[in-house]
Amino acid sequence: MALSYNPLMLDIKLIRDEPDRIKKAILDRGMSAEAADVDGVLDIDARRRALLVQVEELKHERNKASEQIVAMKKDAADTTAITDRMREISDRIKEMDVEVREVDAKLREVMLDIPNVPDDSVPVGPDETANVEARRWGEPPSFTFKPKPHWDVGEDLDILDFQRGAKIAAARFTLLKGAGALLERALINFMLDLHTREHGYKEIFPPILANVETFTTTGQLPKFKDDMYQCQDGLLLVPTAEVPVTNIHRDETLREEDLTVNYVAYTPCFRREAGSYGKDVRGIIRQHQFNKVEMVKFAHPDHSFDELESMIGNAEEVLRRLGLHHRVMLLSTGDQGFAAAKCYDLEVWMPASGEFREISSCSNCTDFQARNGNIRFKPAEGGKPRFVHTLNGSGIAVGRTVAALLENNQLDDGRVVVPPALQPYMGGMTLIE
RNA sequence: GGAGAGAUGGCCGAGUCUGGCUUAAGGCGCACGCCUGGAAAGCGUGUGGGCGGGUUGACCUCGUCCCGUGGGUUCAAAUCCCACUCUCUCCGCCA
């Protein structure tokens with residue numbers, strides 16, 4: 001009976017008030033006006049409101065008549081005439097309720113195509129060529145020999161086993177052995193300890209299967225269904241901890257004084273990687289299953305962009321402690337995700353290929369996901385609840401960190417140096433050999 | 001997997017059998033006011049959210065919807081019917 005429709009991505013009122021700004025944002029992202037139909041949204045929204053006025057008028061009439069019938073019954077009066085009339089009105093209401101529901105569904109459908117509005121500080125451009133380097137840390141290591149790609153380093157040390165990973169599961173699954181498995185586990189613990197003890201995050205271990213509502217809040221559904229592994233009972237494997245952790249406070253109203261809420265979670269992540277068949281076929285850069293430590297923040301709208309700076313800084317700190325050369329890229333309008341208002345990528349140096357590779361991505365989704373998931377806070381001063389801003393970022397991708405360490409820290413004899421920060425997590429091991 | 005019980009506002013809890021002055025009783029909590037040297041007690045007032053209209057800021061005001069979720073019956077549903085979800089108790093199975 002509830003006519004309110006929930007998942008809207010952008011604020012419909014914002015589209016009503018500033019349609020031109022939204023249209024510009026869509027073009028800046030390199031999307032076509034057909035792909036994200038602002039005028040269509042406005043049109044359907046107007047129809048919806050006109051319909052609501054009519055049907056609510058009828059409902060008002062019905063409620064009044066109800067009181068009247070009660071009074072008449074008390075006087076033992078004949079109510080046939082009025083009930084007959086109300087029968088017709090009720091039928092009409094039922095029809096219109098159906099119409100409203102249809103229009104709501106239609107509105108939701110077109111709204112789902114409208115992306116978040118990029119922040120003013122985001123460089124405008126069509127794709128990654130317009131990204132801006134924010135800063136760079138360290139120096140690329142120098143080698144007296146030709147550095148091997150990480151898959152060769154790993155296989156020669158017998159710590160990565162691609163053949164058996166494929167035998168057990170499929171291509172893009174890798175078996176970690178011995179010091180490789182230990183390194184993976186050490187990195188997870190190192191990252192979690194860093195973020196919980198020094199960066200003020202609360203540790204979470206969420207479900208790794210989640211339902212459709214959860215996936216809808218963060219925007220993976222309905223648009224990216226093909227990249228998700230689906231299980232029975234309507235559950236899906238999470239592609240990142242962002243999905244379950246952002247949903248912790250779905251349909252909740254937080255207290256303003258509790259913001260910012262900082263969570264960090266280690267989970268395995270599962271991605272079908274549909275449509276990336278040719279890419280990164282060797283090594284562990286692109287896997288169907290990989291481990292990731294993820295940071296999630298629920299922030300006050302006034303501070304969310306400061307929180308984004310702090311979050312990317314927290315991700316960078318992982319690489320600094322491991323001594324890995326890296327740079328931070330501010331993504332352009334055309335390269336950032338659908339839900340993001342602003343996004344930094346953290347890229348680590350890979351000496352074998354001589355390029356930087358993404359190892360973390362930190363986004364401020366402003367109120368985009370919060371509206372979807374109805375995640376709000378009550379202002380301490382009183383007044384209506386407002387939507388929080390949600391942020392998420394890798395802190396960082398574990399498998400890619402293994403790859404970076406194997407390549408950057410390899411010696412000419414094939415052994416790999418364990419960075420000091422990691423040694424306590426590996427039983428004092430200083431060399432993988 | 002089997003059997004049973006339950007889900008009502010920030011919380012507790014009545015109402016459901018017997019549909020309609022229920023715009024959900026009562027209590028607790030909270031906020032403000034009175035009282036007080038100050039406090040407690042006492043007294044009084046107020047106390048959710050969504051959507052929409054009123055020339056869209058805020059405030060105000062009017063309407064509508066929300067008693068786990070979704071359908072149905074009816075002039076009218078917290079209340080009757082159906083399906084589903086979740087919680088609790090017991091049994092079975094299990095790391």
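Throughout, a chain's letter reflects where its sequence line sits, starting with A, and its residues are numbered from 1. The basis for the numbers below is simple: all heavy atoms, side chains too, and nothing from hydrogens, waters or symmetry mates. Given the structure is predicted, the values throughout are model-derived calculations rather than measurements.
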- Would you please confirm or rule out a distance under 4.0 Å between OP1 or OP2 of rU73(B) and any side-chain N or O of Arg87(A)? no
- On the 0 to 90° scale, with breaks at 30° and 60°, tag the Tyr201(A)-His199(A) ring pair as parallel, tilted or perpendicular. perpendicular
- Task: Could you check how far CG of Asp11(A) sits from P of rG57(B), rounded to whole Å?
- Result: 16 Å
- In whole angstrom, give me the gap between the C1' atoms of rC11(B) and rU47(B). 14 Å
- Message: On the nucleotide rG49(B), are OP1 or OP2 found under 4.0 Å from the side-chain N or O atoms that Arg386(A) carries?
- Response: no
- Parallel, tilted or perpendicular: rings of His288(A) and Phe173(A) (30°, 60°): tilted
- Task: In whole angstrom, give the distance that lies between atom CD1 of Ile93(A) and atom P of rU74(B).
- Result: 15 Å
- Query: Can you check whether Asn63(A) has a side-chain N or O nearer than 4.0 Å to OP1 or OP2 of rU23(B)?
  - Reply: no
- Using a heavy-atom cut-off of under 4.0 Å over every strand shown, decide if Arg376(A) touches base, sugar-phosphate, or nothing. sugar-phosphate
- Query: Do other residues, nucleotides or ligands put more than 12 heavy atoms under 6.0 Å from the NZ atom of Lys23(A)?
  - Reply: yes
- Message: In this structure, how many angstroms lie between the C1' atom of rG10(B) and the CZ atom of Arg255(A), rounded?
- Response: 12 Å
- Figure out the CG/P separation between Asn374(A) and rG48(B), and round it to whole Å. 17 Å
- Ranking rC65(B), rG49(B), rC75(B) by distance to the side chain of Lys59(A), first place goes to rC65(B)
- If you pin Asp17(A) and Lys73(A) to their nearest nucleotides in RNA chain B, which one's is more 5'? Lys73(A)
- Message: At 4.0 Å (heavy atoms only), tell me whether Val53(A) reaches a base, stays on the sugar-phosphate, or touches nothing.
- Response: sugar-phosphate
- Could you work out which one of rG63(B), rG71(B), rU73(B) sits closest to the side chain of Glu56(A)? rG63(B)
- At under 4.0 Å between heavy atoms, what does Ser90(A) touch on the DNA or RNA strands: base, sugar-phosphate, or nothing? sugar-phosphate
- Whole-Å gap separating C1' (rC62(B)) and CG (Leu52(A)): 15 Å
- The side chain of Arg48(A) lies closest to which of these nucleotides: rC51(B), rG49(B), rU64(B)? rC51(B)
- Item | Modelled atom types, side-chain donor and acceptor of Ser66(A) and Asn63(A), under 3.5 Å | no
- Task: Over 60° means perpendicular and under 30° means parallel, so classify the ring planes of Phe377(A) and His300(A), tilted if in between.
- Result: tilted
- Asp161(A): partners by salt bridge (Lys or Arg N to Asp or Glu O under 4.0 Å), with sequence neighbours left out: Arg164(A), Lys177(A)
- Gap in Å between the two C1' atoms, one belonging to rG13(B) and one to rU18(B), rounded: 22 Å
- Relative to each other, are the rings of Phe205(A) and Tyr266(A) parallel, tilted or perpendicular (30° and 60° limits)? tilted
- Round to the nearest Å and state the distance from Leu51(A) atom CG to rU64(B) atom P. 17 Å
- Could you give the distance separating rC28(B) and rA41(B) at their P atoms, to the nearest angstrom? 11 Å
- Message: Classify Lys384(A) by what it touches in the nucleic acid, base, sugar-phosphate, or nothing, heavy-atom distance under 4.0 Å.
- Response: sugar-phosphate
- Message: Please tell me if Arg49(A) has a side-chain N or O lying less than 4.0 Å from either OP1 or OP2 of rC51(B).
- Response: no
- Item | Whole-angstrom distance between rA14(B) and rU74(B), as gauged at atom C1' | 26 Å
- Task: Measure the distance from CG on Leu254(A) to P on rG48(B) and round it to the nearest whole Å.
- Result: 20 Å
- With P as the reference atom in both, quote the distance from rA78(B) to rA5(B) in angstrom, rounded to an integer. 24 Å
- Query: Starting at the 5' end of RNA chain B and moving along, which residue's nearest nucleotide shows up first, Ile69(A) or Lys13(A)?
  - Reply: Lys13(A)
- Message: It should be established whether His60(A) places a side-chain nitrogen or oxygen under 4.0 Å from OP1 or OP2 of nucleotide rU64(B).
- Response: yes
- Item | Nearest-angstrom distance, C1' atom, rU16(B) to rA25(B) | 14 Å
- Pair pattern of RNA chain B in dot-bracket, where unpaired bases get dots and | marks partners in another strand, Watson-Crick or G-U under 3.5 angstrom: ((((((((.[[[..)....(.....]]]((((((.......))))))(((((((.....))))))).[[[[[..)....]]]]])))))))....
- Taking Val348(A) as the fixed residue, which of Ile359(A), Leu322(A), Thr401(A) is the one that meets the side-chain contact (heavy atoms from CB on, under 4.5 Å) rule? Ile359(A)
- Message: I'd like to know if the side chain of Asn116(A) and the backbone of Ala339(A) have a donor-acceptor N/O pair within less than 3.5 Å.
- Response: yes
- Query: If we take the C1' atom in both rC66(B) and rA77(B), what is their distance in whole Å?
  - Reply: 14 Å
- Task: For rC30(B) and rC90(B), measure between their C1' atoms and round to the nearest Å.
- Result: 40 Å
- Message: Base, sugar-phosphate or nothing for Lys64(A)? Non-hydrogen atoms, less than 4.0 Å.
- Response: nothing
- Message: Between P on rG52(B) and CG on Leu58(A), what's the gap in Å once rounded to a whole number?
- Response: 19 Å
- Query: Do the side-chain N and O atoms of Thr217(A) and Asn372(A) include a donor-acceptor pair separated by under 3.5 angstrom?
  - Reply: no
